[in-house]
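See below for the structure under consideration.
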Amino acid sequence: MDLPSGMVHNHPSGDPTPSSADVDMTRQVVGAARSLRIEVHDHLVVGRHGVASFKALGLL
């Protein structure tokens with residue numbers, strides 16, 4: 001059985017746009033999770049000015 005999972009973190013700057021470091025770290029976590037049969041469904045970045053979804057942005 002694969003376990004569903006999601007990730008969330010905040011950007012205190014207020015801009016929820018994922019940084020290149022966010023994208024790199026997400027790829028590493030997704031790879032590690034896959035080896036444990038955990039599927040990451042989305043990664044949300046929360047900022048004062050909204051929320052960015054890796055899935056909606058095509059980054060996941």
Side-chain angles (χ1 to χ4, degrees):
M1 167 172 74
D2 291 341
L3 300 172
S5 182
M7 298 171 25
V8 178
H9 81 275
N10 73 314
H11 280 182
S13 68
D15 181 2
T17 304
S19 68
S20 59
D22 293 335
V23 174
D24 291 342
M25 181 272 307
T26 300
R27 288 184 181 143
Q28 291 176 18
V29 170
V30 167
R34 187 177 297 124
S35 68
L36 298 171
R37 296 179 51 188
I38 298 171
E39 182 181 354
V40 177
H41 289 276
D42 206 350
H43 179 177
L44 303 177
V45 182
V46 179
R48 186 175 312 123
H49 306 297
V51 176
S53 161
F54 273 55
K55 186 173 182 176
L57 293 170
L59 297 171
L60 191 66

Query raised in the report: Asp15 and Ser13: side-chain hydrogen bond (donor to acceptor under 3.5 Å, both in side chains), yes or no, with the steps?
Result: CA-CA 6 Å; Asp15 181 2; Ser13 68; 5.7 Å; no
Requested in this report: Take Val8 and Val46 through the test side chain to side chain contact (heavy atoms under 4.5 Å, CB included) and record every step on the way to the result.
Outcome: CA-CA 7 Å; Val8 178; Val46 179; 4.0 Å; yes
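Distance CE/Met7 to CG/Leu44: 9.5 Å, rounded to 0.5 Å.
A donor-acceptor pair is defined here as one N or O able to donate and one able to accept, closer than 3.5 Å; such a pair exists between the side chain of Asp22 and the backbone of Ser19.
For residues 12-36, no pair satisfies ring-ring contact (aromatic ring centres under 6.0 Å, His included), with sequence neighbours left out. Applying the ring-ring contact (aromatic ring centres under 6.0 Å, His included) test to pairs two or more places apart or on separate chains, those with a residue in residues 6-31 are His9-His11, His9-His43.
Residues satisfying the side chain to side chain contact (heavy atoms under 4.5 Å, CB included) criterion with Arg34, sequence neighbours excluded, are Val30.
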What pairs of donor and acceptor atoms, side-chain ones from residues 47-60 against any protein atom, are under 3.5 angstrom apart with sequence neighbours left out?
residue, atom, partner, partner atom, Å
Arg48, NH2, Pro12, O, 3.4
Ser53, OG, Asp42, OD1, 3.1
Ser53, OG, Asp42, OD2, 2.7
Ser53, OG, Lys55, N, 3.3
Ser53, OG, Ala56, N, 3.0

